Number of protein chains: 2
Amino acid sequence: MQTEDITDADYATLAAFRLALRQFAAFSEAAAKAVGLTPRQHQALLAIKGAARTSPGGLGVGEIARALLIRHNSAVELVDRLADAGLVRRQPDPSDGRRSLVAVTDQAERLLRGLSAAHMQELRALRPRLLALLDVL
Amino acid sequence: MQTEDITDADYATLAAFRLALRQFAAFSEAAAKAVGLTPRQHQALLAIKGAARTSPGGLGVGEIARALLIRHNSAVELVDRLADAGLVRRQPDPSDGRRSLVAVTDQAERLLRGLSAAHMQELRALRPRLLALLDVL
DNA sequence: AGCATCTATGTCGTATCCCGACATAGTGGC
DNA sequence: GCCACTATGTCGGGATACGACATAGATGCT
């Protein structure tokens, strides 16, 4: 395999791509913090709502872990903090006693709506830059 | 401002976008770990090499902090760990006694070359998915 | 030249969040 | 009824970023 044909321009492109991703993450983090959420909490709420069409009753803790690419015990702690903050509710799954379905509260839904609108706008603004970077890959 | 026109499909799109970013981050993290680097260390090396055309002598600690969007003291600690691992060298800036220029070692350059080739390939594979997501924004 | 101010780097204690290992309870096949 | 598997939960430890503070050099003004 030839890993030798990496030029300074390639390094610059990769660095620029990473910078764009970090800036988006930084925007998202600031937006979340502005409404009192940690980035992970925001992403968890989004994952739950993002799966609403296929899982209207909420997601299991393990499904949240898989959506966020974290270990299940990390998801447990994350859901603990979300529940303490009144942002989600745990409900036992009537069809499987092991699972507890995690659903967002009205309060969280309001926060998420505002955050999502801001993120859509930010992503639209970011789009030309990402397209330009993807173009030179 | 109308933040009301967010649909379930929008949530799903945003969630899918975040998932794609997380999966790329997970790939990158695994690739870095496979050669003994933390994700941050990899990103720092890439930032230094990515700026090689404009700063051939290396980057200052503060410039690394700005490239990585972290505080300068976090960058100090990161460079400490990189130097301990023999991946970068600190050299005093001859034209400014306050600055210390951070340059990658040959060893780090070899690691970064392999990592960058793998990342270019991964990004090319990821491109159609990102383009599809950007298309529905 | 002297002094105030700003910039760059570095130090230290703290906080957050994830993880591995382990534990408990429910499910489903046989 | 038993056993393997799955889902959730608990606990201690570790990595890394941050805020506050400290030091040294640069810069500009008089």
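Fair warning: this is a prediction, and the values are worked out from it, not measured in the lab. Letters A, B, ... are given to chains in the order of the sequence lines, protein chains preceding strands, and every chain is numbered from 1.
Between C:dC19 and A:S74, a contact under 4.0 Å exists linking OP1 or OP2 to a side-chain N or O. Taking 4.0 angstrom as the limit, A:R81 places a side-chain polar atom (N or O) nearer than this to OP1 or OP2 of C:dC18. Within the 4.0 Å cut-off from OP1 or OP2 of C:dG10, at least one side-chain nitrogen or oxygen of B:R90 is found. Between A:R99 and the phosphate of C:dA25, there is no side-chain N or O to OP1/OP2 separation shorter than 4.0 Å.
Proximity of a side-chain donor or acceptor of A:T54 to a complementary backbone N or O of A:A51 within less than 3.5 Å is detected. Under the 3.5 Å distance criterion, the side-chain polar atoms of A:T105 are matched with a main-chain donor or acceptor of A:L87. Without hydrogens or angle criteria, B:T13 side chain to B:A9 main chain gives a donor-acceptor distance under 3.5 Å. In this structure, the side chain of A:R18 does not engage the main chain of B:L68 through any donor-acceptor pair within 3.5 Å. At least one donor-acceptor pair under 3.5 Å links the side chain of A:R124 to the backbone N or O of B:L137. Checking side-chain atoms of A:R99 against main-chain N and O of A:G62 turns up no donor-acceptor pair under 3.5 Å.
More than 12 heavy atoms of other residues, nucleotides or ligands shown are found within 6.0 angstrom of CG on B:D84. Annotation: B:R127, atom CZ; neighbour count of heavy atoms from other residues, nucleotides and ligands within 6.0 Å is above 12. Atom CD of A:Q121 is surrounded by 12 or fewer heavy atoms from other residues, nucleotides or ligands within 6.0 Å.
In terms of position on DNA chain C, the residue among B:V76 and A:E77 whose nearest nucleotide sits closer to the 5' end is B:V76.
Across residues 29-62 of chain A, A:T38, A:R40 each have a non-hydrogen atom less than 4.0 Å from an atom of DNA chain C (numbered order).
When rounded to the nearest whole Å, the span between CZ of A:R71 and C1' of D:dC11 equals 18 Å. Atom C1' of nucleotide D:dG19 and atom NE2 of B:H72 are separated by 10 Å, given to the nearest angstrom. The CG atom of A:D80 sits 7 Å away from the P atom of D:dG9 (whole-angstrom rounding). Rounded to whole angstrom, the span from the CG atom of B:L68 across to the P atom of D:dC18 amounts to 10 Å. Taking atom CG of A:L101 as the reference point, atom P of D:dA7 lies 12 Å away to the nearest angstrom. Rounded to whole Å, atom C1' of C:dC18 lies 15 Å from atom CZ of B:R22. In this entry the distance linking CD1 of B:I64 with C1' of C:dA8 reads 13 Å, nearest Å. Note: CG (B:L78) to C1' (C:dT9) measures 14 Å, nearest angstrom.
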Could you go through nucleotides 3-5 of chain D and list every protein N or O atom that sits under 3.5 Å from one of its N or O atoms, giving the distance for each pair?
none

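Contact annotation for A:N73: base contact, defined as any heavy-atom pair under 4.0 Å involving a base atom. Nucleic acid contact class of A:S100 (heavy atoms, under 4.0 Å, all strands): sugar-phosphate only.
The end-to-end axis angle of the helix from C:dA1-D:dT30 to C:dC30-D:dG1, rounded to 10 degrees and based on five pairs per end, is 30°.
A:R90 has its side chain within reach of A:D80: a pair of non-hydrogen atoms, C-beta onward, lies under 4.5 Å apart.
Judged by distance alone, the side chains of B:R81 and B:T38 never bring a donor and an acceptor atom under 3.5 Å apart. There is no side-chain donor-acceptor pair under 3.5 Å between A:S74 and A:R40.
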